[in-house]
A.B. asks: 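This is the structure I have questions about; it appears just below.
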Amino acid sequence: MNHNFLDLVEARMPRDPASPLLETEDGSTWSYGRVMALSARLAHALAAAGATRGDRVAAQVEKTPNALALYLACLRGGFVYLPLNTAYQPAEVAYFLGDAAPAVFVCRPESRDALDPAIREARIRAVFTLDAAHGGTLIDAADSQPDEHPVAQAGADDLAVIIYTSGTTGRSKGAMLSHGNLSSNGLALVEAWQFGATDVLLHQLPLFHVHGLFVANHCVLLSGARMLFHRKFDAKVALASLARATVMMGVPTYYVRLLAEPGFDRAAASGVRLFISGSAPLLLETFREFEDRIGQRILERYGMSESGMITSNPLNGERRGGTVGSPLPGNEVRVAGADDRALPAGETGAIQIRGANVFHGYWRMPEKTREEFTADGWFRTGDVGVFDADGYLSIVGRAKDLIISGGYNVYPKEIELELDVLPGVVESAVVGVPHPDFGEAVVAVVVLAKGAMLDEAATIAGLRTRLANYKVPKRVHVVDDLPRNAMGKVQKAELRKRYGG
Ligand code: MLC
Ligand code: AMP
């Protein structure tokens, strides 16, 4: 049996290759057959460029049907896909290329020059471009290739994708996901949310993280459905598109922005059977306002890069605001105490998970991987939660020092390391403060050497050249001292309180 995730997709795809898979904003339709044929040509082109089974293929490209086909091409060829956020700056990309050592790198034509030092340093064998339209050297290389390519044989544990997630030490870790991980989670979601061939998903999420790449695409691909495939989220475009959609997925910011549109009402949403939110906490306030205005409850679910989706509110039962529902099939969740033993409902503890969806460790970090699993094999999510008596899980905090801004994760340590090397900075602390649009916003607090000065705007501008835009602090405050507890640890809660206004 072939456990390649694409084999499962092909087995469940509509019989007629002319069936539509996606429609872009300019109205062009891509059928299943067209995307699959392109993925075959791309798989040939990647192999011709030297990629072999298990090699990494890294991509930092705009969201286009070509980018989706590139992902599928990697599955098809047995290559390991490594997607990168388009906001990453060259210094960040250099780390990923150095760490993952891909055989092939695909980038945007306009960033090719800026990335050249990183590409050379990582000694990448083949570099291609993909643009925001339908061109690029990768397409040129694929054009003359055959439309068919077998799906590479894969075991359930064979690596399919590496997703980098930032680390508490400041170094990003590559979460290794297997074909079995993708299949089990994809099937669980199709079942839980009852995706079918008549569904039309409004897909406005970016393609380089678990939410947009897996959750959204896989629900569609495994059910023969189709999607309105938009380059990015825009509330007005979303509002105008809802009449043609049956399901929408998004991070909470999407719903906050939709609710800010006066035209967003019951009539506008009447054709949509399901609104799904995840990647960051959905405020109870947003959940309630949505229900009042639209007459539907947003379905909130919980997941992470290391495991795909973990829990979900029910499609048919009661959707409870402020909770993320109960474990998805094939997936065990426990709330554990300091001794890694399950606590009863009502008690708060560390969320730990086990199941076919859980990843196979961090790329080339066996030590780090060991630390994140308990002795009895459960993965420590770093989230803190509590089950209620009916089995609904609420996430009440995070043991990891993490900020989630507009659905993107920001690890304070990474920003602090950048701040600490600036001239005149003695030390720094980065915290997340409540933000009406992004949920949380990144704010920095720094202590300067005696007599040193800091220009806030220039500091922010400097950080923008080193860090992805969503990681850059919205404000940099200068203080005489950072508040510390008796152990000398910086009291971030105190800083959040002080700068939360
Ligand atoms: C953009 N900006 C942000 C930001 N996104 N600031 C903080 N947090 C963010 N997330 C800033 C830019 O720096 C810029 O600042 C300004 O906003 C406009 O940039 P933009 O690119 O035009 O923004 P916009 O298109 O409005 O993007 C906002 C957004 C986007 C919310 C639509 O961030 C988004 O799509 N987020 C989704 C993230 C996601 O898919 N997460 C899933 C991870 S998977 P300036 O100063 O230059 O104007 C995961 C697992 C799971 O977590 O469970 O799903
Ligand atoms: P990532 O590393 O990008 O995969 O982000 C995973 C993290 O996002 C989880 O560990 C949670 O902290 C957070 N997260 C995802 N979904 C939710 C949700 N519905 N509510 C609260 N936090 C969430």
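Atoms within a ligand are numbered from 1 in the order they appear, just like the ligands themselves.
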A.B. asks: Which of the numbered atoms in ligand 1 are below 4.0 angstrom from a heavy atom of Lys232?
C.D. replies: 22 (O), 25 (O)
A.B. asks: Which ligand 1 atoms, with their elements, are less than 4.0 angstrom from a heavy-atom of Gly303?
C.D. replies: 53 (O)
A.B. asks: Can you name the atoms of ligand 2, numbered from 1 with element, that are less than 4.0 Å from a heavy atom of Glu300?
C.D. replies: 18 (C), 19 (N), 20 (N)
A.B. asks: Parallel, tilted or perpendicular for His218 and Tyr71, by the 30°/60° rule?
C.D. replies: parallel
A.B. asks: Do Arg273 and Phe195 meet the cation-pi criteria used here (NZ or CZ under 6.0 Å from the six-membered ring centre, within 45° of the axis)?
C.D. replies: yes
A.B. asks: For Tyr88 and Phe96, I'd like to know if the aromatic rings sit close, meaning centre-to-centre distance below 6.0 Å.
C.D. replies: yes
A.B. asks: So, for Phe290 and Tyr255, is the gap between ring centers shorter than 6.0 Å?
C.D. replies: yes
A.B. asks: For side-chain contact (heavy atoms from CB on, under 4.5 Å), just list the numbers for Ile404 and Leu402, CA-CA rounded to whole Å, side-chain angles, deciding distance to a tenth of an Å, and then say yes or no.
C.D. replies: CA-CA 7 Å; Ile404 305 184; Leu402 161 70; 4.1 Å; yes
A.B. asks: Can you sort out which atoms of ligand 1 are near Pro206, meaning under 4.0 Å from one of its heavy atoms?
C.D. replies: 35 (O), 40 (O)
A.B. asks: Taking distance alone, with no angle check, do Ser405 and ligand 1 share an N/O pair under 3.5 Å?
C.D. replies: yes
A.B. asks: Classify the contact between Ser279 and ligand 2 as side chain, backbone, both or neither, using a heavy-atom distance cut-off of under 4.0 Å.
C.D. replies: backbone
A.B. asks: Is Met309 close to Met304 at the side-chain level, that is, under 4.5 Å between some pair of heavy atoms?
C.D. replies: no
A.B. asks: Considering both backbone and side-chain atoms of Val251, is one of its nitrogen or oxygen atoms within less than 3.5 Å of a nitrogen or oxygen in ligand 1?
C.D. replies: no
A.B. asks: What part of Arg301, side chain, backbone, both or neither, has a heavy atom within less than 4.0 angstrom of ligand 1?
C.D. replies: side chain
A.B. asks: Using a cut-off of 6.0 Å, state whether more than 12 heavy atoms not belonging to Arg288 lie near its atom CZ.
C.D. replies: no
A.B. asks: Would you say Tyr392 and Pro314 make side-chain contact, with heavy atoms under 4.5 Å?
C.D. replies: yes
A.B. asks: Using the six-membered ring wherever Trp is involved, compare the ring planes of Tyr254 and Phe233 and label them parallel, tilted or perpendicular (cut-offs 30° and 60°).
C.D. replies: parallel
A.B. asks: Contact between ligand 1 and Gly212 is defined here as a heavy atom of the residue under 4.0 Å from a ligand atom; is it met?
C.D. replies: no
A.B. asks: Would you say Lys474 and ligand 1 have an N/O pair spaced under 3.5 Å apart?
C.D. replies: yes
A.B. asks: What protein heavy atom sits nearest atom 3 (C) of ligand 1, and how far away is it?
C.D. replies: Phe438 CZ, 3.3 Å
A.B. asks: May I ask you to identify the nearest protein heavy atom to atom 17 (C) of ligand 2, giving residue, atom name and distance to one decimal place in Å?
C.D. replies: Ala280 N, 3.6 Å
A.B. asks: Where does Thr253 meet ligand 1, judged by heavy-atom distances below 4.0 Å: at the side chain, the backbone, both, or neither?
C.D. replies: side chain
A.B. asks: For ligand 2, does Lys173 get within less than 4.0 Å through its side chain, its backbone, both, or neither, judged by non-hydrogen atoms?
C.D. replies: neither
A.B. asks: Is the number of heavy atoms from other residues, nucleotides or ligands under 6.0 Å of Glu62 CD greater than 12?
C.D. replies: yes
A.B. asks: Do we get Lys368 above Tyr362's six-membered ring, with its NZ or CZ under 6.0 Å from the centre and within 45° of the axis?
C.D. replies: no
A.B. asks: Test your reading of the structure: does Gly407 have an N or O sitting under 3.5 Å from an N or O of ligand 1?
C.D. replies: yes
A.B. asks: State the atoms of ligand 1, each with its element, that fall below the 4.0 Å cut-off from a heavy-atom position in His209.
C.D. replies: 43 (C), 44 (S)
A.B. asks: Can a donor-acceptor pair be found, under 3.5 Å and without considering hydrogens, that links the side chain of Thr64 to the backbone of Ala67?
C.D. replies: yes
A.B. asks: Of all the non-hydrogen atoms in the protein, which one sits nearest to atom 7 (C) of ligand 2, and at what distance?
C.D. replies: Gly303 O, 4.0 Å
A.B. asks: Any idea which heavy atoms bring Gly250 and His211 closest together, and the distance?
C.D. replies: O-CE1, 3.5 Å
A.B. asks: What part of Ile163 sits under 4.0 Å from ligand 2 if we count only heavy atoms: the side chain, the backbone, both or neither?
C.D. replies: neither
A.B. asks: So which protein heavy atom does atom 4 (O) of ligand 2 come closest to, and at what separation?
C.D. replies: Ser305 N, 2.5 Å
A.B. asks: Answer with yes or no whether Lys400 contacts ligand 2, where contact means a heavy atom under 4.0 Å from a ligand atom.
C.D. replies: yes
A.B. asks: Within 45° of the six-membered ring axis of Tyr408 and under 6.0 Å from that ring's centre, is NZ or CZ of Lys471 located there?
C.D. replies: no
A.B. asks: May I ask you to identify the nearest protein heavy atom to atom 19 (O) of ligand 1, giving residue, atom name and distance to one decimal place in Å?
C.D. replies: Asn469 ND2, 4.6 Å
A.B. asks: Using a 4.5 Å cut-off on heavy atoms from C-beta on, say whether the side chain of Leu242 contacts that of Phe264.
C.D. replies: yes
A.B. asks: For atom 3 (O) of ligand 2, what is the nearest protein heavy atom, given as residue, atom name and distance?
C.D. replies: Asn409 ND2, 3.1 Å
A.B. asks: Which residue owns the protein heavy atom closest to atom 36 (N) of ligand 1, what's the atom, and how far is it?
C.D. replies: Gly406 O, 3.0 Å
A.B. asks: Is there a nitrogen or oxygen of Tyr302 sitting under 3.5 Å from a nitrogen or oxygen of ligand 1?
C.D. replies: no
A.B. asks: Assess the residue pair Ile276 and Ile298 against the criterion (side-chain contact (heavy atoms from CB on, under 4.5 Å)); give the C-alpha distance rounded to whole Å, side-chain angles, the decisive distance to 0.1 Å, and a yes or no.
C.D. replies: CA-CA 6 Å; Ile276 305 172; Ile298 297 175; over 6 Å; no
A.B. asks: For atom 19 (N) of ligand 2, what is the nearest protein heavy atom, given as residue, atom name and distance?
C.D. replies: Arg301 O, 2.7 Å
A.B. asks: If you measure every N or O of Val210 against every N or O of ligand 1, does any of those distances drop under 3.5 Å?
C.D. replies: no
A.B. asks: Nearest protein heavy-atom contact for atom 21 (C) of ligand 2: which residue, which atom, what distance?
C.D. replies: Pro281 N, 3.4 Å
A.B. asks: Flag Ser305 as yes when one of its N or O atoms lies below 3.5 Å from any N or O atom of ligand 1, and as no otherwise.
C.D. replies: no
A.B. asks: Considering only non-hydrogen protein atoms, determine which one is nearest to atom 54 (O) of ligand 1 and report residue, atom name and distance to 0.1 Å.
C.D. replies: Ser279 OG, 2.6 Å
A.B. asks: Just do the ring pair (Phe, Tyr, Trp, His ring centres under 6.0 Å) check on Phe438 and Tyr470 with the steps written out, would you?
C.D. replies: CA-CA 10 Å; Phe438 296 126; Tyr470 63 88; 9.7 Å; no
A.B. asks: Identify which of Met309, Arg257, Lys471 has a heavy atom lying nearest to atom 26 (O) of ligand 1.
C.D. replies: Arg257
A.B. asks: Does the side chain of Phe275 come within less than 4.5 Å of Glu300's, by heavy atoms?
C.D. replies: no
A.B. asks: Below 4.0 Å, non-hydrogen atoms only: which portion of Ser277 touches ligand 2? Side chain, backbone, both or neither.
C.D. replies: neither
A.B. asks: Applying the side chain to side chain contact (heavy atoms under 4.5 Å, CB included) criterion to Ser241, which one of Glu23, Glu25, Lys236, His230 satisfies it?
C.D. replies: His230
A.B. asks: Could you tell me the residue and atom name of the protein heavy atom closest to atom 35 (O) of ligand 1, and the distance to it rounded to 0.1 Å?
C.D. replies: Tyr254 OH, 2.8 Å
A.B. asks: What protein heavy atom lies closest to atom 12 (O) of ligand 2? Include the residue and the distance to one decimal.
C.D. replies: Asp383 OD1, 2.6 Å
A.B. asks: Can you tell me which portion of Arg464 lies within the under-4.0 Å heavy-atom range of ligand 1? Options are side chain, backbone, both, or neither.
C.D. replies: side chain
A.B. asks: Show your reasoning for whether side-chain contact (heavy atoms from CB on, under 4.5 Å) applies to Tyr411 and Val430.
C.D. replies: CA-CA 9 Å; Tyr411 277 84; Val430 167; over 6 Å; no
A.B. asks: Checking a contact table here: which protein heavy atom is nearest atom 13 (C) of ligand 2, and how many Å away?
C.D. replies: Ile404 CD1, 3.4 Å
A.B. asks: Output the list of atoms in ligand 1 that are nearer than 4.0 Å to some heavy atom of Leu205, sorted by atom number.
C.D. replies: 40 (O)
